[in-house]
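In this text, all values refer to a predicted model and were calculated from it rather than measured experimentally. We use all heavy atoms of the structure for the numbers below, so side chains are in, but hydrogens, waters and symmetry mates are not.
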Amino acid sequence: MTSRADQQRLETLSPFELKNALIALADGITRPNAVSMLNAGRGNPNWVATAPREAFFLLGRFGLEESRRDWDEWEGVGGMPARDGIGARLDRFLATHAAEPGADLLRGSVEHGVQRLGFDHDAWVWELTDAVIGDHYPQPDRMLPHLEQVVHAYLVQELCGGRAPAQPFDLFAVEGGTAAMCYLFDSTVINGILDPGNTIAIMTPIFTPYLEIPRLDRYRFDVVELRASRYDDEGFHTWQYDEDEIAKLADPKVKALFLVNPSNPPSVALAARAREQIKTIVATTNPDLTIITDDVYGTFVDGFESLLSTVPRNTIGVYSFSKYFGATGWRLGVIAINRDNIFDEKLARLPEDRAAALRRRYSPLTLEPDRLTFIDRIVADSRQVALNHTAGLSLPQQAQMGLFALFALLDTHGDYKRTCRSIIDRRMHALTKGMGVTLPHDPLAARYYVELDVLNYARRWISPQFADWLQATFEPVDPVFRLAEKGSVVLLNGGGFDGPEWSVRISLANLRFDAYEQIGGWLRDVMRDYQAEFERTGGQLPARTDGGHFTDEAMLASGMATMIEPAKAAR
């Protein structure tokens, strides 16, 4: 067993680094006992969207034909796809290969661009073909124009409840949500949107880097946490925010709000009530509030609406294609800023000394650097300004991003979304079956992750004395160490996400469904072990009305269900 002193030392690490120690423990169990390690600590999904990849590879074959058509003088060397007549040539190619995987989606994608988005046939097909070949620097460097419109339509469908904003978003295609976060933290400070030492708010629990980056020396932000402290009528977590928490944003001293929506790890979308309160605050007491929202899990909630839609002028949106399409290795993401935004207005109001410094910074790019928009400054900053002419996401990545988006746009019946939700729901059912609980319903729960609050369960459903004993006797990370040591199960500690210290995060994305029943069983066994230790040390579990002790399946069922989802979610 890992000693308490070692646990105290290790729990200072990020949960993603602590995970490596847990993997080592779990791996040490698997080898001598020939059992499989169950690593539910990562959010990498174990499914992939096949149709858009089939379309991508078929498009690649067409692109190579076009390259050889342009220039086939030497073996192994081709030219650059030619624009004139390329639309008709793709039509003929798809007719010839009509029965091959990807042909229907590729044909539908071209038709959607021409018929629904008003694209010129040759220009659209050439952009796709040249992108998949990857023979040019990105031009424009922010994002290819046709693919920007495609991804824009996808974001409106998935993040804005299908309602287009009054002004469109400008998009910057980036190397996943990770790159988006890094670029935004840097550019907001470089351009005076935020200054080192500013007070910012973070909605917690949250993805750990959003907690760690603001405290770096280059930012030194003063962080105010908005805690998901709302409980239902029975006193259990809903992972929503009380009005008093949201009201902290009304202080103009708070310059920015950072959030992941749906949250990570609870994986619950922000309620409409909270979104409307934020909208009111922006409209009244804090109109200059900068909002940065990471909405990667939004596609797992039906009818999801982002703050990008609710408060478009103040919000910078981050979206990654990684989770929904099983594409973490592709590194595909976008930054979205509405053309009607407060950020360009803030740039115009900078004091002259600050404006002059930025004028010098961006003067190699344009004769009118003061007119350079904030999103174009993000592009330049992402390549240290001097390399702006080679900025941008690689063209094959942009092509695959566009095909992912088109796949969703053409799925008018939502079949893929239902499949993804079914995968997660089935795993959730297996987890709860292993734990011996039932699953309440919460329409705002993405359920990509589950956060279980062990201490709240112990206090509410066993006894306050038992909960106090747990806190006094063990470190909050003890449950994840026990799971690794006893069951070769790897989970992340929720305290590392500024959630309840005694909570654990389970990813429902990266293991087959039968593994989750095993994980549920091990969770149940760990709680039984704690109860047995409590009794051995002289503790008394509450008596049941039948004279026994409150340690049977009924107790487990009534208690652990409250750690998963609230039965009566407060909205």
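For Tyr324 and Phe404, the gap between ring centers reaches or exceeds 6.0 Å.
Applying the ring pair (Phe, Tyr, Trp, His ring centres under 6.0 Å) rule to Phe221 yields the partners Tyr219; only residues at least two apart in sequence or on another chain are considered. Not counting sequence neighbours, His121 has no partner by the ring pair (Phe, Tyr, Trp, His ring centres under 6.0 Å) test. The salt bridge (charged side-chain N to carboxylate O under 4.0 Å, His left out) test applied to Arg371 returns Glu368, not counting sequence neighbours. Under the rule for a ring pair (Phe, Tyr, Trp, His ring centres under 6.0 Å), Tyr362 has no partner lying at least two apart in sequence or in another chain. The side chain to side chain donor-acceptor pair (under 3.5 Å) check on Arg89 picks up Glu66, with sequence neighbours excluded. Applying the salt bridge (charged side-chain N to carboxylate O under 4.0 Å, His left out) rule to Asp415 yields the partners Arg418; only residues at least two apart in sequence or on another chain are considered. With sequence neighbours excluded, no residue forms a ring pair (Phe, Tyr, Trp, His ring centres under 6.0 Å) with Trp47. Remark: Lys346 engages no residue in a salt bridge (charged side-chain N to carboxylate O under 4.0 Å, His left out) (not counting sequence neighbours).
For the pair Pro205 and Ser263, the minimum side-chain heavy-atom distance is 4.5 Å or more. Residues Trp330 and Phe56 have side chains in contact (heavy-atom distance under 4.5 Å, counting atoms from C-beta outward). Counting heavy atoms from C-beta outward, Thr188 and Phe343 have side chains that stay 4.5 Å or more apart.
Residue pairs meeting the salt bridge (Lys or Arg N to Asp or Glu O under 4.0 Å) criterion with at least one partner in residues 316-326, sequence neighbours excluded, do not occur; the list is empty. Note on residues 173-194: pairs passing salt bridge (Lys or Arg N to Asp or Glu O under 4.0 Å), not counting sequence neighbours, are Glu175-Arg383, Asp186-Arg218. For residues 104-128, the salt bridge (Lys or Arg N to Asp or Glu O under 4.0 Å) pairs, not counting sequence neighbours, are Asp104-Arg107. Among residue pairs with one or both ends in residues 68-81, none qualify as salt bridge (Lys or Arg N to Asp or Glu O under 4.0 Å); sequence neighbours excluded.
A salt bridge links Arg61 to Glu100: one of the charged nitrogens lies within less than 4.0 Å of a carboxylate oxygen.
Closest approach of Thr290 to Ile193, counting heavy atoms only: OG1-CG2, 3.6 Å.
Ring geometry, His152 versus Phe169: the interplanar angle falls from 30° to 60°, so the pair is classed tilted. Ring geometry for Phe185 against Phe258 counts as parallel: the plane angle stays under 30°, on a 0 to 90° scale with 60° as the upper cut. In this structure, His97 and Phe93 have tilted ring planes: the angle between them lies in the 30° to 60° band.
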